[in-house]
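This report refers to the structure that appears directly beneath it.
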Amino acid sequence: MKHKKKIMALTIGISLLIGGCGVSESNNDQNGDSNSAEETQKGSTYVSVQDYKGQGYDLNGGEETDKIAEAHREEVDKAVEEFFLNEYKTEVTVHNLIGAKDGATVFVESKGAPHFYTYAIIPIKNEQPLLDGVWSQEGQVEQAIQTGLYRIVNEEAFNQLDKYLENLVRNKPVVGKTEEAIENTGAVGLMTPYYYADVAGDSLKHLYEAYMDNPQITNEELQSVYQPDTVEPEKIFITIQLFMEKKQVQPDKKLFEEICKHIEEAADFPSGSYGIFLNDNKISKSSGKGSKDNTLEKGLVDPIIKK
Amino acid sequence: MGVSTSTSEDMIKPVTSDRDLVELSGYSAYLKHELRSTLTVNGKDFVVKDVNYDDPTGMDAITVQNIETKEYTIVYTGTGDKQDVITDAKLLGDIPPVQLEHAVDYYNEMDEKYGISSVSGNSLAGAYTNTVAIKNPDVKAVNLNPALLPEGMVDPNKTYDNITNYFSKYDVLTKTEVSLNLGDRIPGKHYEINNGVPEFSHLPTNHTGYKKTTGISSGGEGQFYTIGVKGQPGFGKIYMAADEHIVTSIWSGMPLYGGGQTERIDINPENLHLLATALEDRVIHKVSLVQDYLGNSTDIVEHEGNHFTTRVSQLQEIFKDAFEATIGDPLFNGIATSGYILQTHIDGLISLLHVAEEQCRFLNGILNSPPAELLEHIASTNVSVESLFGEARSYLYSLKDKVSELTSATGHIITDKIPELFEGGKELFIDAVVGELQAHYQIIDGNKDKVLHQLTEYQRQVHDIASAFESEDQGLGQAIEGKTGGIEGGVKVQPTNVYTIAESPYMLERMRMKDIHLDAAFGAFAGSTHGILFPIFNGLKWFLTIIENTLEILSSTVKGATKLLLHGSLPGTLISIFTDFDDKVKSSVASTLQPLDEVAANIEGIRKGVDSLMIRYPVLLTNLKPYVDNALFHDSGYQNVHLYNVAAMSIIEEMELLFTDIVHQLSDHKADAVVALRKVSESVLGNMNLLNQQVNRGTMS
């Protein structure tokens, strides 16, 4: 994973740059923000995106189940890994358990290709995780697998998109989410620090079925069954999500427009419905969300559709 | 496992239905959704357009768009999940107005941006929804078990046609609200739906309408309660997802509540095909669930029937143990079966009496041979107790007889009276409760098969007629255009068979039958055993008292011997000086009294045992009653039969609702085929109705 190394280098670099400077302008975080100190601060809702690794993320009704799941971490991991192997013929790594009402949400990442992030739920009853009761929410894993497959059959186009975004963060004062934040709280499907992709509808169902028939299917074979004509770009949601690199600045309008324009004009990006969010530097700890009132947004109402 | 599970409803209408809204609000958040991520509900895809997760009051909500129809929906989730439902119930009207304000603000913001067509919420979030919908009559609001609005917010003179509230039949929050006459603080239509089961442990999930421990569609078999114990008869599932229990029109997707008739549809091939598909997906599938539920009930009943002997012998054992435990004296162990210990013990007492008698003779010997020094002062004397010893002995023998009588009476109770507790019912079954249920289920079993057959045939008929209409139409079209000479041979249509539901004379008291039987049988048992036991108890007591009295006289007479010496003409000191005569007498008296005292103490112990049995027999009976109840039919098994029947009835009722609409839609049509179909659907409806009544007899209420 060369990708990962880069991100880490970047994160460390930024931390060094920012360390010790400035006072937060956020009302919710008045005690300064010298990086890791924020984690321990009580009552601070927001944290700098560079520091966010998923800490504080919680779900409704999960106070109790959280501890129970964590106490049975090993068995839960094993049960969930088996669930994915049996139901979806896919090996996964468990990254995080978050307690929820009557159960825990288990965040996983697939090993190898197709690469995707998703989640399953393990029920908790009488203070015990029900190891044979793991389940997934309607359509969620299927859609996550489809995004992973979609990337494989559009390898070149996705590489272009990745390259553009990597260049962008290298040269402009914007950053993405940390790898850990994605692992620990991300579950949408195809995810990188800068964007995530999710699908709706049945237009990629044929890829999914081919993969389920033969999980060892090669990229070439997948390519040969792929029917690009059936793809409905407006149902493939590619969402770019960036944060301002510096803590005290507002999202940069000019830069945002530049990005939008580039995405709009790029001819070599994967087809899909693009949304773009440029947030300030803060991320909500409990929800893992960066969007706020000042977020610059494109795509909720009029997405960029690439055919 | 499919990518999506579509039902006939989805094929007809991709619009966000009440069912989708209820599922969205009752079952949304296992995750904090990302913007532009998708979620699937009932096979329909939604995309997240906005999230409100960091509201300071905890007023959580998301805005989603139905991808096919572009409709926007706000799903309020609130903090309801963080608290116990019971707390919610206590809160009743105390929703902080600031949360309601935030809900309205959020709606306004989203409505301005997207144009919201519907809002939805469960519990506390239902109050957010209703607040929004009161102020915005154009938005459709659908709630499941909503909380009350603060007083004064709902105008009692308005109907709020845009609001629909579904109340789960067994939800405590809404039941409380309605019973407190606070129902008018929930605006709009109130419809009761049949999800959930009447069991305390399921109270919270009856309220939320979903059980968060199991999945919907994907990766699981759906939402269900587990009934019974794994590996035991009647172990199974009752499906409970709230939206599954909202009955909607086959053609329009509109909910079929409130007695309102749905708008007339055209009877054309397309609509008939819809009916055929819906019959398959929504009716036959559901009626098979009814079959499962009733099958599980039958299994439970059968299992109880097979264990009749065990149940009887367990109850016998319990009665025996309780009887002996009530006496609380180890001497009475086994009294109910052989009385051997007590009998042997009384034999022991008889021999002790012999010992005392011997000692008494010895005492007489001493008394009759005073030393020479005292001869002139003491006349020969005698403690004459022979007849008393004889009496005591004979009473002890009678006591033994009484004990045997007690043993044989309890034996009689155990072998004859306990089994009688089970007898009764319509046909004097030896196992009344089970017998009645079994007889009833035998009839239901045939009837449910008939209903299913009839439905399957009906479905085929609809399908065939739809195809016939279609081909006839095409044929006519082609004939008119001159392409063919005329209509080619007709399409084969499934013929109509008559299915008559058999009557059941059983279970007329429903599941209360067990209580009624218990009370009657137990009353008889208490009466007859009292009549058997108390004369024996009294007899025992009489002999025990007499024995005690005799022993008393015996010992005082023996004690009299020393008094004779001490209070005689000669000063006792004199005797002591010259002889050891008085020591001899004293020690001999003591040796006589000692076994007598022992016998007396034992008799007193036995009397106390009998006393406590007499006093505590009513308590024994009271304590026994729950065991009898459980032996008549295992309590949890009985409860599960009730639950399965409730669940089966819920489905049948829903199907009746659906068929009422079908009959309505097929009425007033001139085509003979449609008239015939209407007749069959009326017959199906009638049969379902009868089956419903019969299944209802397997419930408590």
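By convention in this document, chain letters (A, B, ...) are assigned in the order of the sequence lines, proteins followed by strands, and residues within each chain are numbered from 1. Computed from a predicted model, the values in this text were never measured in an experiment.
- With a threshold of 4.5 angstrom between heavy atoms, A:Y119 approaches chain B through side-chain atoms but not through N, CA, C or O.
- For the set B:V48, B:I67, B:D50, the count of heavy-atom pairs under 4.5 angstrom toward chain A peaks at B:I67.
- Interface remark: B:F46 contributes no atoms to any contact with chain A (heavy atom separation under 4.5 Å).
- Between A:Y196 and B:L35, the closest heavy-atom pair is OH-O, 2.8 Å.
- The structure places OG of A:S287 at 12.0 Å from CG of B:D55, a figure rounded to the nearest 0.5 Å.
- Looking at A:F84, there are no atoms closer than 4.5 Å to chain B (heavy atoms on both sides), in backbone or side chain.
- Side chains of A:Q143 and B:S37 form no contact here, defined as non-hydrogen atoms less than 4.5 Å apart.
- The CG atom of A:L59 lies 9.0 Å from the OH atom of B:Y53; values are rounded to the nearest 0.5 Å.
- The backbone N or O of A:V199 lies less than 3.5 Å from a partner atom in the side chain of B:T38, making a donor-acceptor pair.
- Not one N or O on the side chain of B:K32 forms a donor-acceptor pair closer than 3.5 Å with the backbone of A:Y57.
- Scanning both residues, B:T40 and A:E138, for their nearest heavy atoms gives O-OE1, 3.4 Å.
- Only the side chain of A:T105 comes within contact range of chain B, with heavy atoms under 4.5 Å apart.
- Around the CD atom of A:E64, the shell of radius 6.0 Å holds no more than 12 heavy atoms that belong to other residues, nucleotides or ligands.
- When heavy atoms are compared at a cutoff of 4.5 Å, A:I238 approaches chain B solely by way of its backbone atoms N, CA, C and O.
- Nearest heavy atoms, B:H33 versus A:K289: O-CE, 2.9 Å.
- Remark: A:E232 pairs with A:S203, A:E234, A:K235 by the side chain to side chain contact (heavy atoms under 4.5 Å, CB included) rule, at least two apart or across chains.
- Residue B:Q65 does not touch chain A at all, counting heavy-atom pairs closer than 4.5 Å.
- Two residues are said to be in side-chain contact when any heavy atoms from C-beta on lie closer than 4.5 Å; A:L300 and B:R36 meet this criterion.
- A salt bridge does not link B:D54 with A:K292: every distance from a Lys NZ or Arg NE/NH1/NH2 to an Asp or Glu carboxylate oxygen is 4.0 Å or more.
- For a residue to count as touching a neighbouring chain, one of its non-hydrogen atoms must lie under 4.5 Å from one of that chain's; by this rule A:S273 touches chain B with backbone and side chain alike.
- Between A:V188 and B:E34, the shortest heavy-atom distance links the atoms CG2-CG, 3.4 Å.
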### Residues A:Q137, B:L39; criterion side chain to side chain contact (heavy atoms under 4.5 Å, CB included); working and verdict
CA-CA 9 Å; A:Q137 217 147 3; B:L39 46 141; over 6 Å; no
